[in-house]
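Chain identifiers are assigned alphabetically (A, B, ...) following the order of the sequence lines, protein sequences preceding nucleic acid strands; residue numbering begins at 1 within each chain. Reckoned from all heavy atoms, side chains included, excluding hydrogens, waters and symmetry mates. Values in this document were obtained by computation on a predicted structure and should not be read as measured data.
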Amino acid sequence: MELQIKEAISAALKALYDHTVSAEEIALQPTRKEFEGTYTFVTFPFARVSRKSPEQTATDIGEHIQANAAEVAAFNVVKGFLNISLSEASQVNQFAGIFNGVDVSQSAIFQQTATGKTVVVEYSSPNTNKPLHLGHLRNNFLGNSVSRILAAAGYNVQKVQIINDRGIHICKSMLAWQKFGEGETPESSGLKGDHLVGKYYVAFDKAYKAEIAELVAGGMGKEQAEKEAPLLLEAQAMLKKWEAKDPEVYALWEKMNGWVYSGFNATYERMGVDFDKLYYESDTYLIGRDRVMEGLEKGVFYKKEDGSVWVDLTDEGLDEKLLLRSDGTSVYMTQDIGTALMRFDDYPDLSQLIYTVGNEQEYHFKVLFLILKKLGYAWADACYHLSYGMVDLPSGKMKSREGTVVDADDLMQEMADTAKARTEELGKIEGFTEEQAKELYEMLGLGAIKYFLLKVDPRKRMLFNPEESIEFQGNTGPFVQYTHARISAILRKAQQLGVSMEDINFDGIEEVHQNEKDLIYALSTYPEKLQLAADTYSPAIIAQYVYDLAKEYNRFYTELSIFNESDDTLQQFRVALSALTAQTIKVGMGLLGIQVPERM
RNA sequence: GCACCCGUAGCUCAACUGGAUAGAGCGCUGGAUUUCGGCUCCAGAGGUUGAGGGUUCGACUCCUUCCGGGUGUACCA
């Protein structure tokens, strides 16, 4: 529809002013509510070629397309804005075109052509020393949703993560467990594995602080105390033993990481995210080290007197960056080089590698991509840092040492509990089994938190307000879910009454209500919203769209009755509109990783 | 110090990438159901888009200078 209008305008420009602009280059925008029309064409830029005022230009074009394009029923001009009204028939036709039959899942708006390109999306990538928190939730939901969006837009998507399973942090937990744990296990304590390990990470920190205080009290400087506290030295010694594959340390490391993984897996499952492939830092850091050595031989990097290896990025306006320590051990950057290489080895036809990582690491990725380029990898340009803002609490930043971290497991449970309370109060779930009810609470609770975290532009820092996040009204996940449940009730009733969506005589529809036009328009924009979301890696576009669509439907719903409509064809038409709206909500929410219920 | 990001209604967020009188939600005030699910819908109040200058027919959007907030700049990850 939009394309036809664009073509008509393109033809008008050619006929009136002998000015050639392809239809694709014509920009249309939706007409603002206060004016009559569906599409608006801005003529200011064309006053130059028409050599007339913008108003006159708009009028001329309007007259031309009204005369030549059947879709155009009327037009009006306000200043340089040409507002185009579509004919009733063309709007019904537009819907008929996208409705595409009873199986709404096969609607034309969901048919995206495959790009044939493979994209890898990395997300989550936690450290293995403590449980997941609210920040991880934003990361996971964002990465997972972007994966779904890209897949829907026709890409072959692979979801991966790099697990930071080695390093001083895990040694700290291991050491504390050894010292204070008394053999405690997830089974003996009843704690989830990741929470158990996290408990010892905290225990380490506490004991370490105490040691520092003691040393300082004994007259030592604070900085020195922080470096020389016995516990820290022990942890460092343990890391060296690990690198030397000391059997005892290695066994402990495997045992405790195992606990963490099973804890993480339970959390991921509840979150509804998954991965196609896992990378482990303990596998990739050695590869990175080899490549750094190669780069050194090629003269891309240089060595200082103490043996440490550096890259000089001052020509690019950045600093010098360390790649290998003087003792030959690797740093974060080293392993990231290795990880990138492994991925392009694993996926040779990879057209893009997306890193879902917080914006505090922007500098790191800038450097990483530059290094990869300097090493001569042409695919360095295919790397992209999907950078997102931190999640703040009303009290400020989340700080683990102040105990203000919002735990992922706790939060999900809280949301499900709230969903339960709301449903018991207001829900219509008579006849649900206990299983079904539980499933619903999960769907609503998770829907609320996912929607809350995804509706904000990923790049922006956002505020997590606990009270607001569990709200079920307004711009929330449950609001959209409710709309879907509401439509489902309509569709059930239609089926009961034998109102069929088959063989609708669209030609028999003469008058379409404004609410119906608005709804058709909203449905028709799904493909472009999806494309925009894919291009900008922004689930927020989809969240906004789905919300607007739900609101549009609710307006339609209050304004027009379906089953009291005496015209059978109109009744069918409205049921069909409802069915496609429900499906679009379902698909759109699906892109956010949110399920929608039939009843709630 | 230097680099990057952000600043929009009381609060949380939008604004189709330069277009009309800057829109939603929450909260506040007032309305709507002989009708299919009121977790809904409609209306009202609420703005110098942090401030100034510039480019443009036209600026929340681009340039510039300030102000305020954040992040980064480790032989940490």
Side-chain angles (χ1 to χ4, degrees), chain A residues 27-35 40 42-45 47-48 53-54 78-81 83 127 129 164 167-169 281 304 306-310 317-319 321-327 329-333 335-336 358-364 366 387 389-390 392 394 397 422-423 425-428 444 452 455-457 459-465 467-469 471-476 478-479 481-483 485-494 497 525 528-529 532 536 540-541 544 547-548 550-551 553-565 574-575 578 599-600:
Chain A
L28 287 182
Q29 47 185 311
T31 303
R32 295 180 70 102
K33 260 194 190 161
E34 59 264 42
F35 301 105
T40 294
V42 182
T43 59
F44 292 97
R48 196 172 32 86
S53 70
V78 182
K79 292 192 264 180
F81 298 90
N83 300 320
N127 286 346
N129 63 330
N164 302 300
I168 193 75
H169 56 271
E281 186 185 328
K304 288 192 176 173
D306 61 6
S308 56
V309 179
W310 296 72
L318 304 175
D319 302 324
K321 192 83 190 169
L322 176 88
L323 298 177
L324 278 179
R325 294 193 186 100
S326 49
D327 64 2
T329 58
S330 50
V331 291
Y332 191 42
M333 191 63 77
Q335 61 120 347
D336 267 2
N359 61 13
E360 73 228 333
Q361 295 192 33
E362 269 170 16
Y363 184 76
H364 172 79
K366 211 178 270 183
S387 170
M390 298 291 101
D392 282 329
K397 278 190 72 166
R422 289 299 169 97
T423 302
E425 199 181 327
L426 299 159
K428 307 211 166 187
L444 297 178
F452 191 88
K455 74 176 174 182
V456 181
D457 184 333
R459 289 170 306 209
K460 290 193 178 171
R461 166 178 279 269
M462 71 173 291
L463 184 75
F464 181 81
N465 186 322
E467 278 100 56
E468 210 174 299
S469 69
E471 264 316 314
F472 281 21
Q473 289 164 6
N475 190 355
T476 65
F479 166 84
Q481 289 170 317
Y482 170 77
T483 306
R486 210 182 196 192
I487 302 175
S488 298
I490 295 272
L491 299 177
R492 279 194 299 272
K493 183 159 180 181
L497 296 176
T525 59
E528 64 190 73
K529 295 292 181 186
L532 182 62
T536 57
I541 304 279
Q544 188 70 37
Y547 173 68
D548 287 339
K551 259 177 51 141
Y553 185 84
N554 282 325
R555 274 194 277 268
F556 159 85
Y557 178 94
T558 41
E559 197 64 35
L560 300 168
S561 177
I562 294 174
F563 300 113
N564 287 341
E565 175 56 53
R574 287 178 188 161
V575 170
S578 300
R599 296 167 62 190
M600 66 186 270

N or O in side chain of A:R492 less than 4.0 angstrom from B:C36 OP1/OP2 = no
Please give the nucleotide sitting opposite B:G23 as a Watson-Crick or G-U wobble pair, both distances under 3.5 Å, or none.
-> B:C13
Considering every strand shown, what is the Watson-Crick or G-U wobble mate of B:U71 when both distances are under 3.5 Å?
-> B:A3
Just to confirm, is there a sub-4.0 Å distance from OP1 or OP2 of B:G23 to any side-chain nitrogen or oxygen of A:R32?
-> yes
Answer whether the closest heavy-atom distance between the side chains of A:K397 and A:M390 falls below 4.5 Å.
-> no
Please state whether the phosphate of B:C76, meaning OP1 or OP2, lies under 4.0 angstrom from any side-chain nitrogen or oxygen of A:R325.
-> yes
With a non-hydrogen cut-off below 4.0 angstrom, is A:D327 in contact with a base, only sugar-phosphate, or nothing?
-> nothing
Can A:Y547 be called stacked on B:A24 when the rule is centres closer than 5.5 Å and an angle between planes below 30°?
-> no
Between A:N164 and A:H169: side-chain donor-acceptor atoms closer than 3.5 Å = no
Verify whether the ring centers belonging to A:F556 and A:Y553 lie closer than 6.0 Å.
-> yes
Is B:C66 paired to anything, Watson-Crick or G-U wobble with both distances less than 3.5 Å, and if yes, which nucleotide?
-> B:G50
Just checking A:F479: base, sugar-phosphate only, or nothing, at a heavy-atom cut-off of under 4.0 Å?
-> sugar-phosphate
May I ask you to say what A:F81 touches in the nucleic acid, namely base, sugar-phosphate or nothing, with a heavy-atom cut-off under 4.0 Å?
-> base
Could you check whether A:E559 gets within reach of a base, just the sugar-phosphate, or nothing at all, counting any heavy atom under 4.0 Å?
-> nothing
Donor-acceptor pair, A:N127 side chain versus A:N129 backbone, under 3.5 Å?
-> no
Can A:F44 be classed as stacking with the base of B:G58, given a centroid separation cut-off of 5.5 Å and a plane angle cut-off of 30°?
-> no
Give one of base, sugar-phosphate or nothing for A:V78, where a contact means two heavy atoms less than 4.0 Å apart.
-> base
Which base sits across from B:A59 as a Watson-Crick or G-U pair, both distances under 3.5 Å?
-> none
Within less than 4.0 Å of OP1 or OP2 of B:C42, is there a side-chain N or O belonging to A:R555?
-> yes
For A:N465, answer base if it contacts any base atom (sugar-phosphate contacts may also be present), sugar-phosphate if it contacts only those atoms, and nothing otherwise; contact means non-hydrogen atoms under 4.0 Å.
-> nothing
Quick one: is B:G7 close enough that its OP1 or OP2 comes under 4.0 Å of any side-chain N or O from A:K460?
-> yes
